[in-house]
Amino acid sequence: MKISPIKLIDENGRRIDGRLPHEIRKVKIESGVLKNADGSAYIELGNNKIIVAVYGPREVYPKHQALADRALLRCRYSMAPFSVEERKTPSPTRREIELSKVIREALEPAIFLEEYPRTAIDVFIEVLEADGGTRTASITAASVALADAGIPMRDLVTAIAIGKVEGLLVVDLNGLEDQYGEGDMPIAMMPQLGYVTLFQADGRFTAEELKEAFKLANDAIKKIYEEQKQALKRKYLKVAEIGEI
Amino acid sequence: MKISPIKLIDENGRRIDGRLPHEIRKVKIESGVLKNADGSAYIELGNNKIIVAVYGPREVYPKHQALADRALLRCRYSMAPFSVEERKTPSPTRREIELSKVIREALEPAIFLEEYPRTAIDVFIEVLEADGGTRTASITAASVALADAGIPMRDLVTAIAIGKVEGLLVVDLNGLEDQYGEGDMPIAMMPQLGYVTLFQADGRFTAEELKEAFKLANDAIKKIYEEQKQALKRKYLKVAEIGEI
Amino acid sequence: MKISPIKLIDENGRRIDGRLPHEIRKVKIESGVLKNADGSAYIELGNNKIIVAVYGPREVYPKHQALADRALLRCRYSMAPFSVEERKTPSPTRREIELSKVIREALEPAIFLEEYPRTAIDVFIEVLEADGGTRTASITAASVALADAGIPMRDLVTAIAIGKVEGLLVVDLNGLEDQYGEGDMPIAMMPQLGYVTLFQADGRFTAEELKEAFKLANDAIKKIYEEQKQALKRKYLKVAEIGEI
Amino acid sequence: MSSKASEVLSLLKRDVLLGNLKRGERLDGRGPEDYREIKIETGIIGKAEGSALVHIGDTKVIAGVKAEIGTPFPDTPNQGVQIVNAELIPLASPIFEPGPPGEDDIELARVIDRGLRSAETIRLDELVLIPGKKVWTIFIDIYSLDYNGNLFDASGLAALSALLTTNLKKTEITGENIILKEEEQPLPVGRKPVYVTLVKIEDILLVDPSYEEELLADARITFIVDESDNICGIQKGGKKGFKPSEILKAADIAIETATKLRKILPST
Amino acid sequence: MSSKASEVLSLLKRDVLLGNLKRGERLDGRGPEDYREIKIETGIIGKAEGSALVHIGDTKVIAGVKAEIGTPFPDTPNQGVQIVNAELIPLASPIFEPGPPGEDDIELARVIDRGLRSAETIRLDELVLIPGKKVWTIFIDIYSLDYNGNLFDASGLAALSALLTTNLKKTEITGENIILKEEEQPLPVGRKPVYVTLVKIEDILLVDPSYEEELLADARITFIVDESDNICGIQKGGKKGFKPSEILKAADIAIETATKLRKILPST
Amino acid sequence: MSSKASEVLSLLKRDVLLGNLKRGERLDGRGPEDYREIKIETGIIGKAEGSALVHIGDTKVIAGVKAEIGTPFPDTPNQGVQIVNAELIPLASPIFEPGPPGEDDIELARVIDRGLRSAETIRLDELVLIPGKKVWTIFIDIYSLDYNGNLFDASGLAALSALLTTNLKKTEITGENIILKEEEQPLPVGRKPVYVTLVKIEDILLVDPSYEEELLADARITFIVDESDNICGIQKGGKKGFKPSEILKAADIAIETATKLRKILPST
């Protein structure tokens with residue numbers, strides 16, 4: 001564990017970027033940002049900048065991977081080499097491979113895959129700039145991109161990280177808090193249905209803190225969920241306006 | 001060539017582990033040690049510890065590899081990273097790739113592959129600890145695992161290494177003798193049928209020494225062959241006992 | 001840019017190997033040099049030594065790569081590890097991958113690919129020794145090998161590099177001129193049809209120099225084109241002679 | 001485990017399994033919170049600095065620890081290096097394929113790695129030989145030998161047991177020179193995390209799933225628990241979700257189960 | 001771009017496109033030598049030393065510059081290191097596939113790299129920190145985000161724009177020790193090469209091809225032009241040839257176009 | 001060679017070949033112990049420190065030797081490094097495929113490597129420049145150009161011939177500094193191993209098999225023989241076995257054959 005060279009919570013209970021413990025960073029979501037993709041979304045969460053494209057349902061190559069009873073969901077989470085402090089090698093790291101898997105499993109419960117047997121739905125995530133919480137922001141954006149692609153969903157998936165900093169539970173860790181804090185607990189939920197679809201933890205937490213984390217996450221997720229819906233609405237309005245011309 | 005820092009044969013003609021030149025190390029063979037595999041075996045030869053699983057005859061993937069007139073025999077010899085003094089990288093080395101090939105060719109003559117056209121028989125060998133002679137011990141165990149899988153065979157295959165240490169031919173080289181000795185000659189045979197199915201040499205040997213090597217190998221192989229049969233018998237008896245209950 | 005430790009043009013206007021600016025190096029081309037290949041050629045251009053084999057038209061593996069309306073042209077340009085000053089790693093470098101592509105695109109316009117739908121034509125190029133201009137010499141040899149394989153062609157493809165050395169345009173750069181010169185402009189043409197099928201440049205050229213380069217290239221290409229035809233004729237005569245015996 | 005595997009279970013078997021579960025019965029007779037029999041053998045690989053073979057029912061996993069002198073990472077000059085590798089080798093199951101590690105192997109390795117790091121099991125700060133220059137690198141290689149469910153717990157237990165029985169050579173350092181002595185000393189260890197996995201089938205939570213139960217499972221969750229009942233890591237998997245209340249209940253069961261499992265750990 | 005892509009265009013669309021072209025009309029209303037609208041955004045990636053997002057019509061490419069202290073190549077001890085990487089990621093187009101870079105990615109990266117080298121855009125000789133031992137390594141990573149034709153020009157423009165807005169930390173060197181200071185200074189740049197691509201469809205030359213035009217093209221040619229109208233690189237592609245006269249005409253058009261494009265470059 | 005290849009030979013050709021063999025005739029008129037014509041060209045690659053192109057009948061193999069200054073392996077600080085690489089490139093045969101080395105390439109390289117090591121052909125102990133720090137690394141790269149049977153012998157002969165004609169630059173060492181001089185000296189060589197391969201078809205042993213004979217063969221055996229008739233390596237291959245008596249007979253034939261082949265080796 002690295003020892004923090006800096007104080008992460010100040011005497012007024014403010015975090016290093018001025019937020020209170022339960023505050024999330026500024027979030028901006030746009031949908032329909034790419035021309036080629038069937039659906040797409042762009043998210044900024046603090047300094048995180050992530051773009052997501054969805055292709056599908058479409059034919060599966062190689063064909064033997066196709067599933068008889070549902071669509072094959074594939075997910076590729078990737079960080080641009082320039083997205084982080086030290087240049088990342090362009091080939092997928094073990095971290096990116098694991099995250100591709102857990103993000104896929106976070107999105108899968110929300111999609112009516114059974115409506116498109118023998119097809120593939122591909123989710124491509126590119127992190128352009130990273131500053132703590134890329135997996136949760138990716139999930140948030142990916143579910144908007146899926147909806148933008150017109151893929152029928154049970155609910156959106158909305159995600160946020162709860163963290164532990166100087167003994168305190170805080171919401172939406174930034175990069176420094178992630179690096180020097182005591183714990184990180186990313187949570188993804190289907191907000192309407194109340195299901196947790198991604199849940200990981202790193203660091204040390206008590207059972208009591210788990211309970212508290214869910215409460216904190218709940219509030220943050222509600223806010224972000226509104227942003228997701230707004231992003232989809234704006235796109236719809238834009239489309240409608242153009243349609244009227 | 002490395003110069004031995006130690007005396008490999010003492011004044012009484014004893015080897016570094018106390019054996020006489022023609023003596024093999026303690027050998028222990030068990031069959032049916034794994035639940036998932038169709039056949040399996042475990043061997044200890046001195047400090048060597050090797051486990052073998054056989055799957056098949058089963059469907060071939062990718063399908064175009066299937067052979068119209070016989071089963072496809074595949075073999076993967078692999079050493080665990082912790083099996084050797086210096087940690088081995090987990091990905092297959094050139095040595096492991098060559099050994100997978102020669103072990104496959106040592107087993108192939110013994111199997112009635114023509115009885116299972118268009119199928120695959122897979123032999124997976126994992127060396128858990130290595131101390132000289134892993135390829136021969138692997139072959140010995142693999143043929144027990146094949147028999148344990150109920151695959152019809154012309155004969156078992158039994159193998160041992162003959163080596164040259166301080167000018168003397170010795171049987172069943174251990175790791176130190178392999179490292180500092182003058183030659184290594186692994187031999188695999190079908191003992192009943194009298195065929196040599198693996199034969200390699202490293203170091204320098206005269207034509208005369210070749211002849212002597214076969215004699216020494218013959219005796220060792222007979223002993224190990226008995227152990228192989230016992231291992232299969234014990235399994236059979238165990239199965240029979242269980243069957244009676 | 002590396003500063004040349006040597007003078008590349010002497011006071012008499014001679015280049016480092018004694019040539020005048022417009023002179024090409026000694027060229028030697030042979031066709032039909034390999035037994036297995038359907039067509040083959042060997043070229044020496046100065047110190048460059050390159051061998052080319054052509055296989056095809058033949059079945060395509062994997063099958064899904066086959067094209068319905070024409071043959072699939074594949075090309076592999078490879079340098080032997082010992083062909084260059086510093087040993088090259090045996091696995092394909094990025095340079096080799098790019099060159100395989102541009103060489104393929106240089107040959108493709110000359111071949112009646114549409115006559116062999118659903119087949120593959122494979123061009124394998126092995127550079128045994130390299131001394132500047134391997135891509136152009138490879139193209140020259142490859143088109144001879146294609147003709148030797150009896151593949152119907154619109155024209156041969158003939159190639160040469162124009163370079164810039166101490167401000168002067170010169171023909172057929174050698175290794176030193178390539179390393180220390182100011183520019184390299186490889187050109188491939190179908191000489192009869194007058195089409196440029198490969199064209200690249202490195203270094204700095206004026207639009208005026210471009211025009212001059214084409215003129216210089218034209219003369220050199222005519223000479224090499226004759227050598228290509230001679231190589232094919234010699235093979236034909238040899239075959240004819242043998243036929244008569 | 002893999003999506004391919006999930007197609008293996010026949011509909012018939014599925015119905016039987018589900019029917020039984022609803023009556024509180026598991027196929028092998030266990031109750032929902034019962035763990036299978038565990039056996040731990042340590043010190044079995046002479047060439048390894050530490051090793052353990054763990055049986056959980058018919059699942060077998062071996063872990064080996066190797067120690068090498070290497071250089072620290074530039075951003076942690078005063079810490080040893082921990083590297084965890086896991087391989088789902090084809091010897092262990094017909095559903096595992098040869099080839100480089102896939103996402104299942106990598107997820108497993110990373111979950112084990114994070115648990116050990118969060119618990120500070122290996123005292124990396126005590127593995128520095130020459131600060132900023134030479135440290136011990138500890139490799140933990142985990143190989144599945146027979147896969148019959150619950151590789152996370154078996155791998156975690158094998159890794160921990162191997163580490164608890166690992167010995168390093170003592171060293172003598174003069175200037176930049178490191179001499180390895182014959183004498184050995186135990187690897188310095190901190191907290192001891194135990195991995196406990198549950199699956200959810202419809203609304204039933206099952207501890208220590210068998211292979212068939214994993215095939216049937218809607219979702220999976222692993223808790224890593226230390227001796228103070230702290231949670232040192234969580235990993236959710238699977239194609240469906242959990243209700244928060246289910247996760248909290250699973251956490252309680254995991255903490256309880258960990259206390260039981262802890263009793264069979266090898267002594268250092 | 002890839003041979004697979006060339007099969008996508010339907011025969012019908014092909015005929016319409018061709019018919020229009022013969023009347024001097026492009027599908028999007030441009031004349032043969034018209035460029036699409038260009039938009040350049042720089043300084044968008046905080047973690048990068050330089051960055052630019054370039055739009056050419058609906059084509060979007062992002063380039064990021066990272067600088068690291070490394071060792072020079074043995075044969076150029078007094079020069080910094082320039083590394084260009086380009087990835088046609090599957091996010092950008094249904095015809096791009098995941099996996100390691102293929103021949104299209106590699107050709108693109110190498111053409112961008114050669115243009116920057118020939119123009120001496122990065123003053124590599126000014127990037128030496130300790131001669132023969134420590135130099136700046138400049139990584140230029142180019143990612144296509146939306147591929148709708150003419151990746152060469154968009155990538156070249158993104159790379160150049162990112163470099164022109166790159167800042168390096170100042171350094172303080174005492175002996176073999178390099179200290180990075182908080183203060184920054186612009187990356188030293190030389191000539192500014194602009195990439196201009198034309199395609200040939202039958203005997204018509206078109207500047208800045210759209211995706212459909214690329215599918216239809218017989219051949220492609222890229223000229224890299226610096227501020228003195230020198231050509232710093234050429235790359236011909238495609239399955240057919242050019243007449244020399246066509247190449248010379250294309251060169252003239254490219255030089256003219258480059259002059260126009262140069263006006264929108266970000267200032268250093 | 002590969003299992004795929006073994007399916008190529010038609011049944012008809014098989015019968016003819018076999019019938020002839022039983023009458024002591026080989027397809028190309030040779031007797032069972034006759035070798036095909038051999039041609040060795042050395043010094044053909046100017047950029048290589050040593051090189052040889054070997055023809056055995058229609059089989060052609062080229063070997064090139066490159067020497068570089070590198071670091072010794074930690075466990076052999078007082079020895080140079082020998083690296084053998086072999087590639088069955090698709091240029092040489094329709095049955096060879098592009099891609100990274102497969103098991104056939106690797107077996108070939110390792111058999112050549114072991115023979116050279118057992119014979120101590122390269123005097124590795126004489127290739128130390130600064131003990132424990134700098135040694136010559138000798139790369140031997142073997143490329144098949146036309147595969148018509150018996151790659152082992154052709155590769156061995158090419159490697160040996162290239163080594164026998166290899167020259168290294170003289171060096172001048174002052175402290176840790178190595179200066180390469182213009183003058184050259186021959187690579188120090190020890191014993192000269194000759195590779196002799198036989199195949200067995202039913203109960204017939206054939207020296208120097210052609211491609212068709214390899215397809216038909218039940219098993220293959222290679223003996224590596226030095227100038228004192230010592231065997232410096234053996235490799236058995238193929239899908240059937242040998243009787244011990246057959247192996248001993250094959251060894252005698254190989255030793256005799258090696259004596260003949262030795263006469264055409266290039267002089268150092």
Side-chain angles (χ1 to χ4, degrees), chain A residues 1-3 64-65 67-70 72-73 75 85-86 92-102 104-111 113 154-155 157 179 182-190 193-207 209-211 213-215 217-218, chain D residues 2-4 6-7 74-76 78-79 84-85 101-111 113-115 117-120 124-125 191 193 218-226 228-248 250-252 254-256:
Chain A
M1 182 162 296
K2 297 171 201 170
I3 291 143
H64 68 86
Q65 290 186 353
L67 303 175
D69 58 344
R70 63 188 192 281
L72 176 69
L73 181 64
C75 180
E85 207 54 62
E86 303 261 311
T93 59
R94 292 167 67 91
R95 178 181 169 278
E96 287 170 304
I97 293 170
E98 185 202 342
L99 262 57
S100 295
K101 179 180 193 285
V102 297
R104 187 188 71 225
E105 291 177 331
L107 297 170
E108 185 160 354
I111 308 171
L113 292 174
R154 294 181 173 82
D155 195 352
V157 184
Q179 192 177 359
E182 293 123 51
D184 179 23
M185 192 187 284
I187 302 178
M189 294 191 73
M190 295 193 283
L193 299 175
Y195 276 95
V196 177
T197 66
L198 173 130
F199 193 52
Q200 296 183 286
D202 218 355
R204 291 171 76 224
F205 294 91
T206 62
E209 285 170 332
L210 234 67
K211 267 178 227 161
F214 274 120
K215 275 186 215 133
N218 232 18
Chain D
S2 77
S3 60
K4 199 174 150 196
S6 66
E7 301 191 88
D75 55 341
T76 52
N78 291 309
Q79 291 197 2
V84 176
N85 171 57
E103 60 175 32
D104 289 329
D105 312 57
I106 288 170
E107 183 190 25
L108 175 58
R110 285 177 53 84
V111 169
D113 183 69
R114 286 200 296 264
R117 279 181 201 283
S118 292
E120 296 173 68
L124 294 175
D125 50 335
R191 280 183 285 269
D218 294 318
R220 186 199 74 222
I221 194 159
T222 301
F223 292 90
I224 311 174
V225 185
D226 72 12
S228 321
D229 290 353
N230 278 310
I231 293 166
C232 301
I234 303 173
Q235 183 87 344
K236 179 261 172 191
K239 59 185 189 296
K240 293 200 179 166
F242 286 97
K243 287 185 205 148
S245 59
E246 290 171 334
I247 289 183
L248 295 173
D252 288 341
I255 290 171
E256 244 175 82

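Here the structure is a predicted model, which is why all the values come from computation and not from measurement. Letters A, B, ... mirror the listed sequences (proteins, then strands); counts begin at 1. Only heavy atoms go into these numbers, but all of them, side chains included; no hydrogens, no water, no symmetry mates.
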Decide, yes or no, whether a salt bridge links D:Glu246 with D:Lys236 under the criterion of side-chain N to carboxylate O below 4.0 Å.
no
Who passes side-chain hydrogen bond (donor to acceptor under 3.5 Å, both in side chains) against A:Glu85, sequence neighbours left out?
none
The interface call for A:Phe214 against chain D, heavy-atom contacts under 4.5 Å, is side chain
Under a 4.5 Å heavy-atom cutoff, which of A:Ile187, A:Asp202, A:Val102, A:Asp184 has the most pairs with chain D?
A:Asp202
So, the part of A:Arg95 with a heavy atom under 4.5 Å from chain D: the answer is both
Using non-hydrogen atoms only, which part of D:Thr222 is less than 4.5 Å away from chain A: side chain, backbone, both, or neither?
neither
Check: A:Arg154 side chain, A:Pro109 main-chain N or O, donor-acceptor pair, under 3.5 Å
yes
Can you sort out the partners of A:Arg94 under side-chain hydrogen bond (donor to acceptor under 3.5 Å, both in side chains), two or more places apart, ordered by chain and number?
none
Interface check, chain A: of D:Ala251, D:Pro244, D:Gly233, most non-hydrogen pairs under 4.5 Å belong to D:Pro244
Measure distances from A:Leu198 to the heavy atoms of chain D and classify the residue's part below 4.5 Å as side chain, backbone, both or neither.
backbone
Below 4.5 Å, heavy-atom pairs only: which of A:Gln200, A:Arg204, A:Glu209 has the largest tally toward chain D?
A:Arg204
Between the side chains of D:Arg114 and A:Glu98, is the shortest nitrogen-to-carboxylate-oxygen separation below 4.0 Å, so that they form an ion pair?
yes
So, are A:Glu108 and D:Lys239 salt-bridged, with charged N and O less than 4.0 Å apart?
no
Going by an N to O cut-off under 4.0 Å, is there a salt bridge joining A:Glu105 and D:Arg220?
no
Whatever's closer than 4.5 Å to a heavy atom in chain A on D:Ile221 counts as side chain
Below 4.5 Å from any heavy atom of chain A, which atoms of D:Asp125 appear? Answer side chain, backbone, both or neither.
neither
Bottom line for A:Met190: the part with an atom under 4.5 Å from chain D's heavy atoms is neither
